[in-house]
Amino acid sequence: MKLARVIAAAALFTGGIAVGYASQKVDTSLYHGKSKVDAAKALLEVARVQAGDGSWERIGIGRVYYLGGMKSEGQAIFDGVLAGKHKSSDLFRIAKVYREAGEWPKAKALFDSYVRDNPDDSQEVAQIGAYTLINGDRAGAERLFDQSFNSSVDMWGTIAAAGAYLGVVPQE
């Protein structure tokens with residue numbers, strides 16, 4: 001009886017893997033022969049289904065819309081993520097998109113909220129300090145570096161700070 005249950009469970013598990021794998025396939029007609037914009041839109045719609053309710057995943061989709069010239073679609077996704085219960089890391093990820101888009105004031109507001117909520121997150125605080133320095137505020141950056149280094153010593157935070165003095169954006 002026990003063996004029969006194990007075999008049945010294995011069959012269900014294996015079947016579930018096959019169904020899950022099949023649902024991940026993307027129909028090539030969505031992008032073959034389409035304009036770049038139409039191909040991107042079709043693939044992003046598939047990605048939305050794949051993302052489910054995951055906030056980081058939705059932010060990734062919003063990033064492509066936002067940086068790809070479809071800002072209103074990306075902004076709608078960001079607003080949706082932030083409208084519900086969200087993690088402070090969602091603020092950080094969206095702020096990085098704004099920074100990447102060259103919208104520093106918008107990014108800085110979210111980064112400031114992140115630092116208020118996560119004062120001891122040394123790596124991200126140093127990274128925000130690096131963005132701050134690269135955007136011309138050395139005093140503000142050095143306050144963030146001080147905060148980061150006082151929390152803990154993190155190699156990635158140290159690298160972010162060093163790179164910022166040379167104009168190198170932190171590694172994504």
Side-chain angles (χ1 to χ4, degrees), residues 9-132 134-135 144 148 154-157 159-160 163 168-172:
L12 286 172
F13 178 76
T14 304
I17 290 173
V19 170
Y21 179 76
S23 68
Q24 291 180 6
K25 290 187 178 182
V26 176
D27 183 355
T28 60
S29 69
L30 293 174
Y31 54 90
H32 278 247
K34 307 285 183 180
S35 73
K36 288 181 178 182
V37 170
D38 289 341
K41 285 181 179 179
L43 291 169
L44 287 168
E45 286 306 312
V46 171
R48 281 183 183 219
V49 172
Q50 293 168 329
D53 292 333
S55 64
W56 290 8
E57 294 84 352
R58 289 183 294 146
I59 291 168
I61 293 164
R63 177 184 175 273
V64 173
Y65 276 117
Y66 202 87
L67 298 175
M70 295 175 265
K71 282 189 174 183
S72 61
E73 290 89 340
Q75 189 64 56
I77 291 171
F78 301 154
D79 292 345
V81 168
L82 296 178
K85 184 176 176 167
H86 61 276
K87 300 173 190 150
S88 59
S89 59
D90 295 332
L91 293 172
F92 183 76
R93 291 179 189 289
I94 294 170
K96 285 173 59 172
V97 175
Y98 293 149
R99 187 217 54 85
E100 195 174 358
E103 299 176 7
W104 178 244
K106 223 171 164 177
K108 185 172 181 342
L110 292 183
F111 282 141
D112 289 347
S113 293
Y114 181 85
V115 170
R116 271 192 305 278
D117 293 344
N118 301 278
D120 297 325
D121 193 342
S122 65
Q123 183 176 342
E124 276 75 7
V125 171
Q127 193 171 18
I128 294 166
Y131 297 140
T132 301
I134 289 169
N135 280 280
L144 289 165
S148 171
D154 174 84
M155 181 204 64
W156 292 109
I159 291 171
V168 177
V169 175
Q171 183 175 345
E172 300 289 325

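Computation of the quantities below employed the complete heavy-atom set of this structure, encompassing side-chain atoms and omitting hydrogens, waters and symmetry-equivalent molecules.
The two residues Ile61 and Ala51 make their nearest non-hydrogen contact at CD1-CB, 3.7 Å. Residues Ser88 and Tyr114 share a closest heavy-atom pair of O-CD1, 3.1 Å. Among all heavy-atom pairs drawn from Ala95 and Ala107, the shortest one is O-CB, 3.3 Å. When all heavy atoms of Asn118 and Val125 are compared, the closest pair comes out as O-CG2, 3.7 Å. The two residues Lys34 and Asp38 make their nearest non-hydrogen contact at CB-CB, 4.2 Å. Scanning all heavy atoms of the two residues, the minimum distance from Ala160 to Ala130 falls at O-CB, 3.4 Å.
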Salt bridge (charged side-chain N to carboxylate O under 4.0 Å, His left out) between Arg116 and Asp112, worked out: CA-CA 6 Å; Arg116 271 192 305 278; Asp112 289 347; 5.2 Å; no
Side chain to side chain contact (heavy atoms under 4.5 Å, CB included) evaluation trace for Val64 with Leu43: CA-CA 11 Å; Val64 173; Leu43 291 169; over 6 Å; no
Test side chain to side chain contact (heavy atoms under 4.5 Å, CB included) applied to Val169 and Glu100, step by step: CA-CA 10 Å; Val169 175; Glu100 195 174 358; over 6 Å; no
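Taking OG of Ser113 as the start and CD1 of Ile94 as the end, the distance is 11.5 Å to the nearest 0.5 Å. Of the inter-residue distances, the one linking Glu124 atom CD with Lys96 atom NZ reads 7.5 Å to the nearest 0.5 angstrom. Rounding to the nearest 0.5 Å places NZ of Lys108 at 14.5 Å from OH of Tyr131. Remark: Asp117 CG to Lys87 NZ distance equals 14.5 Å, nearest 0.5 Å. In this structure, Ile128 CD1 and Phe111 CZ are separated by 5.5 Å, a value rounded to the nearest 0.5 Å. Rounding to the nearest 0.5 Å gives a distance of 9.5 Å between CD of Glu73 and CG of Leu44.
In this structure the side chain of Trp56 reaches within 4.5 angstrom of the side chain of Asp90, judged on heavy atoms. Val97 places a side-chain heavy atom less than 4.5 Å from the side chain of Phe78. Inter-residue side-chain proximity for Tyr65 and Lys71 is flagged as unmet; no heavy-atom pair is nearer than 4.5 Å. Side-chain contact between Val26 and Gln50 is present, with heavy atoms from C-beta onward closer than 4.5 Å.
There is no side-chain donor-acceptor pair under 3.5 Å between Arg58 and Ser55. A donor and an acceptor atom, one from each side chain of Tyr98 and Gln75, are located under 3.5 Å apart.
Residue Asp53 qualifies as open at atom CG: its count of foreign heavy atoms under 6.0 Å is 12 or below.
A side-chain donor-acceptor contact under 3.5 Å links Ser148 to the backbone of Ser122.
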